[in-house]
Amino acid sequence: MTPLTLHPPAKINLALEVVGRRTDGYHELVSVMQTVGLHDDLTIDDSDDCVFQCSDPSLQTGNLVERAVEVLRLEAGTHHGCRLTLRKSIPAGAGLGGGSSDAALTLLGLVGYWRLPLSCHDLSRIAADLGSDVPFFLYGGTCLVEGRGERVTPVPYTPRTWYLLVNPGIHVSTADVFRALDPRDWSDGEATRDLARDLEMGKPPRLGRNALRNALFRICPEARTCYDDVTAVAPTGAGLSGSGPTVIAPFTSRDEAVAAELSLRGSGYWTVVAPGTAAWRGISPCV
Ligand code: C5P
């Protein structure tokens, strides 16, 4: 068959509230997630066995992509093989959901490639088992994400904003950030639901609060410095994506975002300017 290439995108969190702790140890979240125009490249090709190759050797073993293939083969009762080649551009452990996006697009790509009769409901269940951020990537675009991450509601909204993404080059474990979270940082999720409603009404995006920010700053002081540096060049302020440490700032034009990016030159930070992107059509049974 002709090889299939997909482009798993990064996500940012426009807001992230923690509502409480669940009995399974995970946290109950309310977040607005947005895909952006920074992506990995995933190619699916024929093979008798299951073969996975990653451009970043440190992500070769134990990659969520391999787990996604395994779980999908079991779920669909198929013995098909495939060669998956992943070229990474999204930094790992950065709060940008790169690994989750790779896994979700592996599911979507293989369902099409192997012509598996799986519904959005089936895929959402498999995705939620793989990781909390994976279900969102079955949709992409702008979504209100609730529960552990498994309740995804698309927000009808056409993104027009450009984002500056800045990372201090540090890998942070999501579990460590959640562990450092203080219950005083919990809230009721209403501000984030308001943000989703505002976007639906066509209001310009703004960054809401991220409940994980103080927890991240406690375990990773470099993240606070980076946050302060970005805040200084962002007219409408900066925010944190997921559990960080990537700092994000919205701009109304690409030029303004690039100007802010240039002013951080010499800081040693990893930076990217990327637009918010819409949900993909045609490859997901969820959209
Ligand atoms: O689901 P995932 O493996 O991505 O989560 C990584 C870690 O982040 C979990 O082990 C858990 O400690 C924490 N987490 C959480 N509540 C969530 C999502 C993640 O406590 N809703």
Side-chain angles (χ1 to χ4, degrees), residues 8-35 40 58-59 61-72 86 88 90-107 123-140 143-153 167 170-193 196 208-220 223 239-246:
K11 63 84 181 155
I12 55 173
N13 300 73
L14 299 185
L16 192 167
E17 285 182 81
V18 174
V19 176
R21 195 147 196 265
R22 300 156 41 122
T23 46
D24 62 7
Y26 280 85
H27 292 79
E28 194 74 11
L29 309 179
V30 181
S31 182
V32 173
M33 291 196 193
Q34 167 73 62
T35 45
D40 294 338
S58 71
L59 303 175
T61 309
N63 198 293
L64 214 47
V65 163
E66 284 188 292
R67 278 209 48 219
V69 178
E70 248 171 62
V71 176
L72 192 65
L86 179 64
K88 288 296 295 178
I90 306 171
L96 296 172
S100 303
S101 183
D102 297 338
L105 276 275
T106 298
L107 295 177
L123 287 174
S124 297
R125 186 172 34 80
I126 298 170
D129 276 350
L130 289 170
S132 306
D133 284 346
V134 185
F136 162 72
F137 287 105
L138 298 176
Y139 295 79
C143 294
L144 180 68
V145 178
E146 296 168 281
R148 203 194 103 198
E150 76 284 9
R151 291 208 314 274
V152 183
T153 312
N167 186 291
I170 297 164
H171 181 293
V172 173
S173 144
T174 304
D176 288 349
V177 177
F178 272 103
R179 248 192 303 275
L181 186 67
D182 186 321
R184 280 175 295 191
D185 286 324
W186 296 357
S187 48
D188 65 6
E190 270 318 300
T192 300
R193 291 193 187 94
R209 86 183 266 276
N210 184 324
L212 301 177
R213 197 180 74 175
N214 293 337
L216 172 71
F217 289 172
R218 272 194 287 279
I219 64 168
C220 178
L240 183 72
S241 187
S243 54
T246 302

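Quick caveat, the model's predicted, so the values are computed rather than measured. Both ligands and their constituent atoms are indexed starting at 1 by order of listing.
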Practice item. Write out all pairs satisfying side chain to side chain donor-acceptor pair (under 3.5 Å) with one or both partners inside residues 9-18, taking only residues at least two apart or from two chains. Key: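 Checked against side chain to side chain donor-acceptor pair (under 3.5 Å) - neighbours excluded - the pairs reaching residues 9-18 are Lys11-Asn13, Asn13-Ser31, Glu17-Ser187, Glu17-Thr192.
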Sequence neighbours excluded, the answer for ring pair (Phe, Tyr, Trp, His ring centres under 6.0 Å) partners of Phe178 is His27
I'd like the atom pairs linking ligand 1 to the protein - N or O on both sides, separation under 3.5 Å - with distances to 0.1 Å.
{"unit_1": "ligand 1", "atom_1": "1 (O)", "unit_2": "Ser132", "atom_2": "N", "d": "2.9"}
{"unit_1": "ligand 1", "atom_1": "1 (O)", "unit_2": "Ser132", "atom_2": "OG", "d": "2.5"}
{"unit_1": "ligand 1", "atom_1": "16 (N)", "unit_2": "His27", "atom_2": "N", "d": "2.8"}
{"unit_1": "ligand 1", "atom_1": "20 (O)", "unit_2": "His27", "atom_2": "N", "d": "3.4"}
{"unit_1": "ligand 1", "atom_1": "20 (O)", "unit_2": "His27", "atom_2": "ND1", "d": "2.8"}
{"unit_1": "ligand 1", "atom_1": "21 (N)", "unit_2": "His27", "atom_2": "O", "d": "2.8"}
{"unit_1": "ligand 1", "atom_1": "21 (N)", "unit_2": "Arg148", "atom_2": "O", "d": "3.1"}

Q | side chain to side chain donor-acceptor pair (under 3.5 Å) involving Thr106 - partner list, sequence neighbours excluded | A |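 In terms of side chain to side chain donor-acceptor pair (under 3.5 Å), with neighbours along the sequence ignored, Thr106 is linked to no residue.
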Review point. Does the Ser101 side chain pair with the main chain of Ala10, one donor and one acceptor, at a distance under 3.5 Å?
Key: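 Absent.
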Minimal heavy-atom distance between Asp102 and Pro8, with the atoms involved, is OD1-CB, 3.4 Å
Would you say Leu29 and Val145 make side-chain contact, with heavy atoms under 4.5 Å?
-> no
